[in-house]
Amino acid sequence: MLLGCIADDFTGATDLASTLVRQGMRTVQVIGVPGAGPEAVPEADAVVVALKSRTAPAGDAVAWALAACERLLAAGARQIFWKYCSTFDSTPTGNIGPVADALMKRLDASVTLFCPAFPANGRTIYQGHLFVGGALLSESGMEQHPLTPMIDPNLVRVLTAQTVHGVGLVPFVVVDQGAGAIRTALTRLADQGRRCAIVDAVTDRHLFAIGEAAALHPLLTGGSGVAMGLPENFRRTGLLPARDDAAALPPHAGHAAVLAGSCSRATLGQIGLARDYMPTLELDVLATPDAAALAAQAVAWMEGRLSAAPVLIAASAPPDRVAALQAKLGREAAGALVETALAAVAGALVARGVRRLLVAGGETSGAVVQQLGVRTLRIGAEIDPGVPWTYAQGTGPALHLALKSGNFGGRDFFVKAFEHG
Ligand code: ADP
């Protein structure tokens, strides 16, 4: 392994892993801190450990990140990347700074850069201020986030509240001059005792330059965007061969299915289109608010229908029906009921030979991954931006798995997904 990554949430980890695959690194995502056994960190150019630490107390996040770091180093990682959200989601007692401090100490880093910019998604940094599209972070809606309200767009100030180190800025005028100028500025900040550096970035060209400037850093931190420049560093030094098969997965066999628990507008549209293309079961959760009974309905329905052509099983419902169930059971209980049912359905599908499974919904995906005992995901080609096919391994049979957050994907996503090799 060359690059070891630690991400503070699951979808962010997949996003980072996909970025690295696109840039020619074979990449595996590991769910949670890997175990100590030799199998726990699979062979790959890059490994991304997906934590669930974004809103965890700093002490827990630090402990998990350090444990992940030890496993990655033991597996040969030459550089560690700490990945957080491109909107720097955290609170003054947040954990981006504390985790970075702990990793800097462990890795003996003299200066560490922080760059959450992701221009393709409208996240840019200018004079240390984070913008979302044309708005400052603090006027982008993120100031009202239920868990991590971001009321200050000045990342130098935000990070200063979270780290024991001095925080400096590598401004746009320097970044725009390229890797050499960035490297010089970082060294100057370290000499001044400012060991944390917010780095401006407005375009992908800046991100590539920042990545190049950090080639010899033991640690860097940011959103998935700044990782774009890292694979080239390893190719330049001959450590990473040129690969045109970084996204290759083992061949698939067996049956195919889609399982939908997302009630987002995008997913409802995808179900609407897929109905005409594949056998579809829409569970009526309101009529049968019982997880075991819903799973039994699905199991009875799938008998004789499974094949290499996908079937679709959905619990998804439009807002008025979701609201009706929530009014009846309470919001949490309603969600948990459907997640339990769909996790059981996923288990039944795999037990009956499904080996290509597409899951729609973030929480739904979490429940399915847990039910199937998935530990690692080898990242393949993207179906639509941000949603790759993966090869999942763990305690159950290996299978091809695609995990889609609710709002991702075009209207033909479910159909298109199975047209890929
Ligand atoms: P998204 O990625 O779109 O947010 P999630 O899977 O994270 O999707 O969340 C959708 C939630 O809605 C899950 O908790 C799921 O169990 C729940 N859900 C699915 N179908 C229904 C339904 N018919 N009524 C109420 N809740 C539902």
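In listed order, ligands and their atoms are each counted from 1. Everything numeric in this text was worked out from a predicted model, so none of it was measured. The first residue in the sequence is number 1, and the count goes up from there.
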remark   = atom 20 (N) of ligand 1 sits nearest the protein heavy atom Ala315 O, 3.2 Å
inquiry  = With nothing but distance in play, are any N or O atoms of Gly406 less than 3.5 Å from an N or O of ligand 1?
reply    = yes
query = Distance-only, no hydrogens or angles: does the Gln162 side chain make a donor-acceptor pair with backbone N or O of Gly97 under 3.5 Å?
reply =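 Present.
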query = Is a side-chain N or O of Thr267 found less than 3.5 angstrom from the main chain of Gly406, in a donor-acceptor match?
reply = yes
inquiry  = In terms of relative ring orientation, are Phe418 and Trp389 parallel, tilted or perpendicular, with 30° and 60° separating the classes?
reply    = perpendicular
message = Distance alone, cut at 3.5 Å: any donor-acceptor contact between the side chains of Thr14 and Thr11?
response =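 Not at all, the side chains of Thr14 and Thr11 share no donor-acceptor pair under 3.5 Å.
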query = Which protein non-hydrogen atom lies closest to atom 8 (O) of ligand 1, naming both residue and atom, and how far is it?
reply = Gly361 CA, 3.4 Å
task = Answer with yes or no after comparing the ring centroid distance for Tyr391 and His252 against a 6.0 Å cut-off, counting only values under it.
result =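 So the answer is no for these two rings.
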inquiry  = Has Asn154 got a side-chain atom pairing as donor or acceptor with Arg157's backbone, closer than 3.5 angstrom?
reply    =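 Yes.
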inquiry  = Taking a cutoff of less than 4.0 Å between a non-hydrogen atom of the residue and any ligand atom, is Leu325 in contact with ligand 1?
reply    = yes
inquiry  = Give me the residue, atom name and distance of the protein heavy atom closest to atom 13 (C) of ligand 1.
reply    =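 Scanning the protein heavy atoms, the shortest distance from atom 13 (C) of ligand 1 goes to Glu339 OE2, 3.5 Å.
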task = For ligand 1, find out whether one of its N or O atoms is nearer than 3.5 Å to an N or O atom of Gly362.
result = yes
remark   = The protein heavy atom nearest to atom 6 (O) of ligand 1 is Thr364 OG1, 2.6 Å
query = Who's the nearest protein heavy-atom neighbour of atom 16 (O) of ligand 1, and how far?
reply =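 Checked against all protein heavy atoms, atom 16 (O) of ligand 1 sits closest to Gly335 O, 3.0 Å.
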ask   = In the protein, what heavy atom is nearest to atom 3 (O) of ligand 1, and what distance, to one decimal place, separates them?
value = Ser262 OG, 2.7 Å
